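None of the values given here were measured: they were computed from a predicted structure. Below, read A as the first sequence line, B as the second, and so on, with proteins coming before strands; counting in each chain starts at 1.
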Amino acid sequence: MTANRLEKVEHLRAGGREPYPVGFQRADLAADVRSRHADLEPGAATGEQVTVAGRIMLHRSFGKLVFATIQDPTGRIQLMATRDELGDGVAEFEDLDVGDTIGAAGEVVTTRKGELSVKVSEFTLLAKGLRPLPEKWHGLTDIETRSRRRYLDLIVNEDSMRVARARARILSALRHEFEARGYVEVETPVLATQAGGALAKPFETHHNALGVDMYMRIATELPLKMLIVGGMDKVFELGRIFRNEGIDATHNPEFTMLESYEAFADYHSIAELTEEVIAAVAMAVLGETTVTYGGRDLDLAPPYRRARMVDLLAERIGIEVWPPPDGLASIAAEHGVEVNSAWSDGKIIEAMFEELVEPTIWDPVFVLDHPVDVSPLARRHRDDDGLTERFELFIAGSEYANAYSELNDPIDQRARFTSQAAARAAGDEEAHMVDEAFLRALEYGMPPTGGLGIGVDRLVMLLTDQHHIRDVILFPTMRPED
RNA sequence: GGGCCUCUAGCUCAAUUGGCAGAGCACCGGGCUUUUAACCCGUUGGUUGUGGGUUCGAGUCCCACGGGGCCCA
């Protein structure tokens with residue numbers, strides 16, 4: 001089939017016609033033509049000349065009369081090529097294939113059946129397609145091909161285009177919300193000699209000229225806090241994060257996170273910021289705060305419920321878990337939660353929460369006050385030394401945001417790092433490394449600060465009703481094809 | 001990492017108990033001046049993911065490997 005199309009290209013060139021010309025000017029978009037001529041009678045002639053361009057999606061020939069439906073970024077419109085108008089040119093129009101990109105000029109008319117059309121007086125082949133498009137009835141459904149050849153998916157699956165465009169609007173709305181609140185967007189290193197700010201395995205690489213091993217960032221937290229030390233009191237970064245972990249419905253090795261830090265804020269004010277931003281983004285993208293996710297309604301309008309992690313867990317299992325009772329590990333085991341004997345009480349509580357409470361959450365909840373040993377960068381709770389001033393926002397069983405009153409006590413931070421380093425030495429590959437550069441910055445004094453991270457891909461999934469992260473990432477990470 | 005499922009024409013899918021690899025769309029040729037997934041007639045198109053094995057005979061059964069999916073860790 002490609003051979004046939006190549007012959008056509010050769011034939012065009014032999015006849016002095018360029019199959020990939022430059023310089024064509026599109027003057028009109030399908031949707032604009034449609035909106036200008038919404039309710040024409042069948043057989044109408046408007047006298048309006050338009051110049052449209054797009055990819056041929058459907059092609060129907062009657063020999064001396066040819067219809068082609070082209071698609072541009074705004075939609076589809078039918079072209080009608082007639083012998084009356086084009087003479088022998090109609091044969092050339094008939095020879096076009098589905099998948100070709102063409103430009104055409106002509107009068108806006110309706111056909112006898114009432115279909116709005118451009119009656120072609122001139123047309124130009126702009127890009128000959130050598131490969132056939134997926135089938136016009138069933139389109140492209142194979143998940144692997146849709147992900148690997150996203151361009152095809154975008155051409156034939158309207159929903160994929162909808163999601164891609166919604167994602168762009170979400171990114172734009174997020175920026176708008178933070179900028180409107182006086183936050184400054186910054187860029188921090190993707191490549192660093194230490195990976196910190198989160199508990200995760202990094203990608204490792206090497207800088208040849210410097211002769212040092214480097215890591216792709218697993219968070220933007222530490223450099224952003226250094227900017228708070230530097231006096232940039234409200235900063236945010238919207239960027240790609242890399243974690244060397246498995247791929248599943250909610251994890252891609254590279255993903256997009258928004259992190260923000262605000263001096264003189266705490267996790268209570270950041271919770272208010274978070275619910276306002278999420279509601280505003282939903283409004284910007286959907287025009288309402290009610291979303292349907294997997295067929296079930298969800299309201300993103302503030303305020304969201306606030307509840308302590310330990311209280312939600314106690315409510316679920318009917319036993320108080322804070323302060324940790326004796327035999328917490330056996331209580332976990334009784335509820336089918338597997339725990340490691342090396343785990344701290346805090347880690348056990350977190351694991352029980354993840355397994356027993358998270359899946360039951362539907363409406364937005366700020367889960368507050370995580371145990372200190374699972375939160376090495378968060379400030380200790382002002383009323384309880386064993387907890388932190390932290391929240392995670394859960395919606396529909398998944399985590400969407402993570403925030404702290406930031407730990408700005410350099411002595412405590414060093415102690416936390418040291419304890420993480422011990423866990424690392426004991427084999428926990430995700431434990432945090434001691435970051436001396438960050439500690440030095442804290443030692444100069446960081447004001448009390450509220451910080452926030454929002455998982456952007458998951459937010460896109462929520463607002464576009466997608467249930468796999470690969471469907472909101474244009475080019476998800478995949479194994480090589482061969 | 002483990003379990004289960006899956007891979008057939010460019011796309012979407014068939015193929016009985018192990019018995020001639022097929023259809024629709026696309027492509028090519030022919031017909032048609034009002035179609036809407038146009039229609040009608042006739043062609044073309046295959047290393048059945050890859051490599052082995054069993055068998056008179058393998059898309060089908062077995063083994064290994066590769067891609068993908070779902071679930072679990």
Side-chain angles (χ1 to χ4, degrees), chain A residues 1-11 30 34 40-45 55-71 75-91 93-100 106-107 109-120 128-158 201 244-252 336-340 351 354-355 359 429-430 467-471 475-482:
Chain A
M1 185 159 311
T2 301
N4 283 331
R5 302 276 183 106
L6 277 171
E7 273 174 38
K8 287 192 182 185
V9 167
E10 292 309 313
H11 186 253
R34 284 189 179 284
L40 291 180
E41 295 295 310
R55 188 185 295 271
I56 299 177
M57 302 304 292
L58 297 167
H59 189 254
R60 304 174 281 279
S61 170
F62 290 81
K64 300 187 187 71
L65 168 70
V66 182
F67 296 99
T69 301
I70 63 166
Q71 175 169 293
R76 293 184 175 194
I77 192 159
Q78 176 169 274
L79 305 182
M80 178 169 64
T82 63
R83 190 174 186 84
D84 301 344
E85 191 73 34
L86 290 173
D88 290 341
V90 77
F93 194 92
E94 188 188 11
D95 204 36
L96 294 168
D97 294 303
V98 169
D100 291 352
E107 183 184 2
V109 301
T110 54
T111 63
R112 280 178 209 166
K113 293 284 171 63
E115 176 81 14
L116 187 71
S117 307
V118 175
K119 191 174 186 189
V120 177
K128 185 70 191 170
L130 297 183
R131 294 176 185 266
L133 249 34
E135 200 230 341
K136 62 189 173 188
W137 299 7
H138 307 91
L140 183 65
T141 59
D142 180 70
I143 289 171
E144 182 177 359
T145 311
R146 287 181 52 206
S147 304
R148 287 191 195 279
R149 302 189 215 167
R150 185 64 82 192
Y151 47 91
L152 277 185
D153 187 36
L154 292 167
I155 290 167
V156 303
N157 292 321
E158 207 179 343
K201 275 182 74 173
N244 204 340
E245 293 161 5
I247 298 174
D248 65 24
T250 53
H251 296 86
N252 195 65
V337 178
E338 269 189 59
V339 299
N340 185 312
E354 282 175 10
E355 282 194 47
E429 285 181 308
E430 295 189 350
H467 298 85
H468 203 295
I469 194 169
R470 64 160 174 254
D471 296 325
F475 297 99
T477 304
M478 298 189 82
R479 281 201 170 87
E481 225 169 332
D482 35 48

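- By the side chain to side chain contact (heavy atoms under 4.5 Å, CB included) test, S61(A) pairs with V66(A), E94(A), sequence neighbours left out.
- Residue D97(A) is in sugar-phosphate contact alone, with no base atom involved, counting any heavy-atom pair closer than 4.0 Å across all strands shown.
- Rounded to a whole Å, the CG atom of L130(A) is 19 Å from the P atom of rA26(B).
- In this structure, R83(A) and L58(A) both approach RNA chain B, and ranking their closest nucleotides by distance from the 5' end singles out R83(A).
- Counting any heavy atom pair closer than 4.0 Å across all strands shown, R470(A) reaches sugar-phosphate atoms only and no base atom.
- With hydrogens and angles ignored, the 3.5 Å screen pairs a side-chain donor or acceptor of T110(A) with a backbone N or O of A44(A).
- Rounding to whole angstrom units, CZ of residue R149(A) and C1' of rC11(B) are separated by 10 Å.
- The separation of rU8(B) from rG1(B), taken at their P atoms, amounts to 25 Å, rounded to a whole angstrom.
- Checked against rC25(B), rG69(B), rU34(B), the side chain of I143(A) finds its nearest nucleotide in rG69(B).
- Within 4.0 Å of K119(A), counting heavy atoms only, lies no atom of the nucleic acid at all.
- When atom types are taken as modelled, the side chain of K119(A) and the backbone of A45(A) share no donor-acceptor pair closer than 3.5 angstrom.
- Residue R148(A) has its side chain nearest to rG68(B) when only rC70(B), rG68(B), rA26(B) are considered.
- For M478(A), whose side chain is taken as the heavy atoms from C-beta onward, the closest listed nucleotide among rU34(B), rU12(B), rG68(B) is rG68(B).
- R131(A) has its CZ atom 15 Å from the P atom of rA9(B), to the nearest Å.
- As rounded to the nearest Å, rU12(B) and rC5(B) have P atoms that lie 23 Å from one another.
- More than 12 heavy-atom neighbours from other residues, nucleotides or ligands sit within 6.0 angstrom of NE2 on H467(A).
- rA26(B) atom C1' lies 15 Å from atom CG of L96(A), rounded to whole Å.
- Contacts of S61(A) with the nucleic acid, taken as non-hydrogen atoms under 4.0 Å apart, include base atoms.
- For rC70(B), the OP1/OP2 oxygens have a side-chain nitrogen or oxygen of H468(A) closer than 4.0 Å.
- Straight-line distance between the C1' atoms of rC13(B) and rG29(B): roughly 26 Å, to the nearest whole Å.
- Spacing between rU17(B) and rA64(B) at atom P, rounded to whole Å, works out to 26 Å.
- The separation of rC40(B) from rG24(B), taken at their P atoms, amounts to 10 Å, rounded to a whole angstrom.
- Among all heavy-atom pairs drawn from L140(A) and N157(A), the shortest one is O-ND2, 3.0 Å.
- Using atom P as the reference point in both rA9(B) and rC4(B), the two lie 26 Å apart (nearest Å).
- Remark: K64(A) pairs with R83(A) by the side chain to side chain contact (heavy atoms under 4.5 Å, CB included) rule, at least two apart or across chains.
- Using N1 to N3 plus N6-O4 or O6-N4 for Watson-Crick, or N1-O2 and O6-N3 for G-U wobble, each under 3.5 Å, rG1(B) pairs with rC72(B).
- D142(A) meets the salt bridge (Lys or Arg N to Asp or Glu O under 4.0 Å) test with no other residue; sequence neighbours excluded.
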Do any N or O atoms of the protein come closer than 3.5 Å to N or O atoms of nucleotides 22-24 of chain B, and which pairs are they?
{"unit_1": "rG24(B)", "atom_1": "N2", "unit_2": "E135(A)", "atom_2": "OE1", "d": "3.4"}

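- With hydrogens and angles disregarded, no donor-acceptor distance shorter than 3.5 Å links the side chain of D97(A) to the backbone of D100(A).
- Rounded to an integer number of Å, the gap from CZ of F62(A) to C1' of rG31(B) is 12 Å.
- Atom name C1', nucleotides rC11(B) and rG46(B): the rounded distance is 15 Å, in whole Å.
- By the side chain to side chain contact (heavy atoms under 4.5 Å, CB included) test, E354(A) pairs with E350(A), E358(A), sequence neighbours left out.
- Residue T141(A) places at least one side-chain N or O under 4.0 Å from the OP1 or OP2 atom of rU12(B).
- One interatomic measurement links the two molecules: CD of E94(A) to P of rU34(B), which rounds to 14 Å at whole-angstrom precision.
- Across all strands shown, rC65(B) pairs with rG49(B); the Watson-Crick or G-U wobble distances both stay below 3.5 Å.
- By the salt bridge (Lys or Arg N to Asp or Glu O under 4.0 Å) test, R60(A) pairs with no residue at all, sequence neighbours left out.
- K64(A) comes within 4.0 angstrom of a nucleotide base, judged by non-hydrogen atoms across all strands.
- Checking rU54(B) for Watson-Crick or G-U wobble geometry (two distances, each under 3.5 Å) identifies no partner in any strand.
- Contact annotation: K136(A) side-chain N/O to rA26(B) OP1/OP2 distance is under 4.0 Å.
- With sequence neighbours excluded, the residues satisfying side chain to side chain contact (heavy atoms under 4.5 Å, CB included) with M57(A) are R55(A), Q71(A), R76(A), L133(A), I155(A), V156(A).
- Remark on RNA chain B: of its neighbouring residues E355(A) and L133(A), the 5'-side contact belongs to L133(A), judged by nearest-heavy-atom nucleotide.
- Residue contacts for R76(A): at a heavy-atom cut-off of 4.0 Å it reaches no nucleic acid atom on any strand shown.
- Panel note: side chain N252(A), backbone R470(A); no donor-acceptor pair is recorded below 3.5 Å.
- The ring-ring contact (aromatic ring centres under 6.0 Å, His included) search around H138(A) returns none, not counting sequence neighbours.
- Checked against rA38(B), rU34(B), rU12(B), the side chain of R60(A) finds its nearest nucleotide in rA38(B).
- Backbone-only contact: G139(A) has heavy atoms under 4.0 Å from sugar-phosphate atoms and none from a base.
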Close N or O pairs between protein and nucleotides 1-4 of chain B (under 3.5 Å):
none

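- Candidate nucleotides rG67(B), rU36(B), rC27(B) were compared by shortest atom distance to the side chain of E144(A), and rG67(B) ranks first.
- Between the P atom of rU44(B) and the CD atom of E7(A) lies a distance of 17 Å, rounded to the nearest Å.
- Going from the P atom of rA21(B) to that of rA26(B) covers 27 Å, rounded to whole Å.
- Rounding to whole angstrom units, CG of residue D142(A) and C1' of rA9(B) are separated by 15 Å.
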